[in-house]
Amino acid sequence: MPKPAIIDCDPGTDDAIALWLALASPELDVRLVTVAGGNVGLERTLANARAVVGLAGRPVPVVGGSAGALMAPFRAETAVHGEDGIGGVALPEGPPAAPGLAADAIRDLLRAAAPDSVTVIGLGPATNLALAFATEPALAGRVAEIVLMTGAWTEGNITPAAEFNAWNDPEALALLFRLGRPLAMATLDLTAQAFVTPELVAALAARPGGRCWRAALSILRALPPSKRFGMRGFPLHDPCAVAWAIAPGLFGTRAVGCEVDCTSGPSRGRTVIDRWGRLGRPANATLLETLDAPAFFDLLAERIGSLG
Ligand code: RIB
Ligand code: CA
């Protein structure tokens, strides 16, 4: 049976590819897409999410939410995603956003769901998810698993200490860890294994597909190489979180304790991931530690290629 799913995102070039992967996969029944400001401002991330879902031709409601974090000033990441947040790739305008606010839409869906039934996938700052659960904590019991692209056990990508989503709203992320629900995290160390080079893009371009796959390839061609990787290519972040929800066999995992640094110092937003149990604290997360990258990219091509 397909798993009912909510996807919260900040499209975002990699968010777009992650959304197409989710919408193309029979393992998921994507019932709601909620949007936050993150990679770019909310006006753009919401328009991008509408366009991405519209291009897939799936009647999934898209609802806007928080423009920024609970406690910190907003900072976009246009250097990676472009001013429009989608690498300058022109997509037809999508259907109008559904009315209301993300946190309310999340709560409404969970309130109507069975216990332990909904997969919640977070691909951006966790503000919308935190607001939903902060106002109605009991709804966490309707969640089967929270899957996040967030954090790092080594260096960050927005500060030396922190990954962008975690750094953007560490208080929101910390709240999700406190819910006590199964939580899987795809960190920068995992997504670095989903490494995209020009040679890989050329190989993927030979795979068949329709408008979504062609748009995904255009996005991959538009993404800049990363100086963290010697300008040889870039990591594909958000689709890794979706891949865990649809094909967990691609991953090696480890149960870990994770604590989010919510201080105002240079380590703000750091996810302190205790891979060796040195602190002796109970595990509160499933760390996605290794990825079968060739199988991951094959899945990406096969699934998105099957969309219109
Ligand atoms: O650090 C990478 C994460 O931040 C990805 O989710 C990317 O889309 C940005 O939101
Ligand atoms: Ca994202």
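Just follow the structure's listing: the first ligand is 1, and inside any ligand the first atom is 1.
- By the criterion of a heavy-atom distance under 4.0 Å, neither the backbone nor the side chain of Ile158 is placed next to ligand 1.
- At the shortest separation from atom 6 (O) of ligand 1 among protein heavy atoms lies Asp238 OD1, 2.5 Å.
- The two atoms that bring Val201 and Leu217 nearest to each other are O-CD2, 4.3 Å, heavy atoms only.
- Of the possible polar contacts, none joining the Arg181 side chain to the Ile146 backbone as a donor-acceptor pair under 3.5 Å is found.
- Distance from atom 9 (C) of ligand 1 to its nearest protein heavy atom, with residue and atom name: Asn39 OD1, 3.1 Å.
- Where the criterion is an N or O separation shorter than 3.5 Å, residue side chain and backbone included, Met149 fails it with respect to ligand 1.
- A donor-acceptor pair under 3.5 Å is absent between the side-chain atoms of Asn165 and the main chain of Thr150, judged by distance alone.
- Heavy-atom proximity to Asp15, at under 4.0 Å, picks out these atoms of ligand 1: 8 (O).
- The Ca ion (ligand 2) has no N, O or S atom of Gly38 closer than 3.0 Å.
- Judged purely by atom type and a 3.5 angstrom limit, Arg58 uses its side chain to pair as donor or acceptor with the backbone of Leu23.
- Within the 3.0 Å limit, Asp10 places at least one N, O or S atom next to the Ca ion (ligand 2).
- Asp14 OD1, 2.6 Å is the protein heavy atom nearest to atom 8 (O) of ligand 1.
- Taking the six-membered ring for Trp and thresholds of 30 and 60 degrees, Phe229 and Phe195 have ring planes inclined between 30 and 60 degrees apart.
- The protein atom (non-hydrogen) at minimum distance from atom 2 (C) of ligand 1 is Glu163 OE2, 3.3 Å.
- Judged by distance alone, the side chains of Asp8 and Thr34 do bring a donor and an acceptor atom under 3.5 Å apart.
- Counting heavy atoms under 4.0 Å from ligand 1, residue Thr191 does not touch it at all.
- Both the sub-6.0 Å distance and the 45° axial angle are not jointly satisfied by Arg207 relative to the ring of Trp213.
- In this comparison of Asn168, Asn165, Val40, Val80, the heavy atom closest to atom 10 (O) of ligand 1 sits on Asn165.
- The closest donor-acceptor contact from the side chain of Asn39 to the backbone of His81 lies at 3.5 Å or more, if one exists at all.
- The OD1 atom of Asp15, the Ca ion (ligand 2) and the OD2 atom of Asp238 define an angle of 70° (nearest 10 degrees).
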